[in-house]
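Only this structure's heavy atoms are used, side chains among them; waters, hydrogens and symmetry mates stay out. Chain identifiers are assigned alphabetically (A, B, ...) following the order of the sequence lines, protein sequences preceding nucleic acid strands; residue numbering begins at 1 within each chain.
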Number of protein chains: 2
Amino acid sequence: MKPGVSPDTFPPRSHEAKRISVVEAAASVFCREGFAGANIDLIAAEAGVSRQTVYNHHRDKEKLFVAVVRDLTERCNAGTFATIATFPDQPSNLEADLIGFAMRMNRNCICNRDGRFLRKLIQTEGERYPELFAEWREQGPGRTWSALAARFARLAYAGHLLIQDPDVAARQFLALINAELQITFMLGGTPPDDEVLQSATNGVRTFLNAFGRQKSASHAAKRSALVSA
Amino acid sequence: MKPGVSPDTFPPRSHEAKRISVVEAAASVFCREGFAGANIDLIAAEAGVSRQTVYNHHRDKEKLFVAVVRDLTERCNAGTFATIATFPDQPSNLEADLIGFAMRMNRNCICNRDGRFLRKLIQTEGERYPELFAEWREQGPGRTWSALAARFARLAYAGHLLIQDPDVAARQFLALINAELQITFMLGGTPPDDEVLQSATNGVRTFLNAFGRQKSASHAAKRSALVSA
DNA sequence: GACGAATTAGACAAGACTGTCTAATTTTGT
DNA sequence: ACAAAATTAGACAGTCTTGTCTAATTCGTC
């Protein structure tokens, strides 16, 4: 090879930029192919670096994998806490505000690249790295659910909801707003916006029918529509 | 193939018994190691046959994988429809009957070996075999959800529930009764019986609060308990 | 008991992958 | 501009895996 001018990307990237490139490419390949099927040469090519650079930054395949999971976990947690911070503590329109929040949760934490990748890695390799994913479990869902439960408890205390156990309500809220996306998630896909909205809307309505102070207006309206049909 | 006397134990097993052994062992290994990581020698050893026998029954690794998925899909569907047949159409105690049904769904369709294995294979290899899993999707969740929705529609028509959209209600029912088991499922584990019961109970109560004719007694009781606390 | 089909253990070629090494080149800090 | 550090392409040994083949053995059935 005779590189008078690097034919790669426009400018050469820094040391740190390459480390990031490698981890990103590795995340993509590990998700697509699984740990065993992932190929270091492919990761290097996808990151736009040489194989040796991959080994320079991360001693071996296993260390690289751990780095990928830690990176995804950290970013997902940050995104999730940032999104929970937008929880509607003083709702003007409870249903609309909760649907908005549900959409933000889905878009920023569950359907985005990091969320999908981390979920897939947990599903496929979780049993192989118990300690690594135990760490994720404590830092991620454990604290996330507590934080969300606290917000629901506040809403209940303020009289907007009737909740017995805020932890249960928080888990059920998350389950409900994703109820219609399960199949897509299982196959690793990204649901289109309108499906996400549909699932969030249906989920929030059912949640409010269960935990709201009275069954929501939309429910009653559709009930009479059903009767007349 | 007429097995007049079937020596199921250590003595030599029949042709058909070996085919089953191979598929079972393959399911286990594919789940544990993923498609790429699965090793034919290991499958053969785990099935108690020679490697050549594996190749005799199934031309190659990919055909073996497809056979495993078809086998699991078929058994899971059969189990699911059998369980849906036990849906409480004429409930004496709606909450108790639905909790019982939820437990049967969890135990016979979701937490059992076939359910866990099939779910894991879909998650890990779903993107690699679009047509295979599209088939599963139509035959499995597609028909399952319809069948369950029909049962809920009947309950609603008989006046036991207030449901606008039975399909949405069916999906939300399944989401709710598993809401507390998500993490365990993600990591491929089997939740203990008491957790399954807890999740089913909480899920059914919330479901009935949302879709029942009035909020359930247990809810009202706990609500006053909460207020007094 | 005997015959054909199935099974077994093992060898085998072909290919893929990991992780190391080297020598040349490029980038970065000063 | 210069020296140190990082990066690159490529070769390489060692290992593993798949799928085929063969020759010996066992099984099912008459």
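Remark: P of dT8(C) and CG of N56(B) are 9 Å apart, rounded to the nearest angstrom. Following rounding to the nearest Å, K63(A) (NZ) and dG19(C) (P) show an atom-to-atom distance of 10 Å. Rounded to a whole Å, the NZ atom of K61(A) is 14 Å from the P atom of dC16(D). Atom CG in N39(B) sits about 13 Å away from atom C1' in dG19(D), given to the nearest Å. One can place CD of E16(B) at 13 Å from P of dG28(D), the figure rounded to the nearest angstrom. For the pair F35(B) CZ and dA16(C) C1', the interatomic distance rounds to 15 Å; values are reported in whole Å. With rounding to whole Å, D60(B) atom CG is found 8 Å from dT20(D) atom P. Whole-Å rounding puts the R19(B) CZ to dA6(C) P distance at 11 Å.
You'll find that the side chain of H57(B) is closest to dT7(C), out of dT8(C), dT7(C), dT18(D). When each of dT8(C), dT18(C), dT28(C) is scored by its nearest atom to the side-chain atoms of I40(A), the top-ranked nucleotide is dT18(C). Of the candidates dT18(C), dG19(D), dT8(C), the closest approach to any side-chain atom of V49(B) belongs to dT8(C). Counting only heavy atoms from C-beta on, D41(B) has its side chain closest to dT18(D) among dT18(C), dT18(D), dT7(C). Relative to the side chain of R51(B), the nucleotides dT8(D), dG19(D), dT8(C) differ in distance, and dG19(D) lies closest. Taking the side chain of Q52(A) as heavy atoms from C-beta on, and the options dT20(D), dT20(C), dT8(C), the nearest nucleotide is dT20(C).
Across all strands shown, A36(A) has no heavy atoms under 4.0 Å from either base or sugar-phosphate atoms. H58(B) comes within contact range of no nucleotide atom at all, as no heavy-atom separation falls under 4.0 Å.
Aromatic ring centres of F117(B) and F30(B) lie farther apart than the 6.0 Å criterion allows. Taking the six-membered ring for Trp and the full ring otherwise, F173(B) and F211(B) have centroids separated by 6.0 Å or more.
To the nearest 0.5 Å, the span separating CD on E46(B) from CG on N39(B) amounts to 10.5 Å.
Checking the phosphate oxygens (OP1, OP2) of dT8(C), a side-chain nitrogen or oxygen of T53(B) falls inside 4.0 Å. Contact annotation: K18(A) side-chain N/O to dT26(C) OP1/OP2 distance is not under 4.0 Å. For the pair H15(A) and dT28(C), the criterion of a side-chain N or O lying under 4.0 Å from OP1 or OP2 is not met.
Contact check on R171(A) versus D167(A) returns no salt bridge, with no Lys/Arg side-chain nitrogen under 4.0 Å from an Asp/Glu carboxylate oxygen. Ion pairing between a basic and an acidic side chain is recognised when a charged N comes within 4.0 Å of a carboxylate O; R128(B) and E62(B) show no such pairing.
Taking the nucleotide of DNA chain C with the nearest heavy atom to each of E62(A) and S50(B), the more 5' of the two is matched to S50(B).
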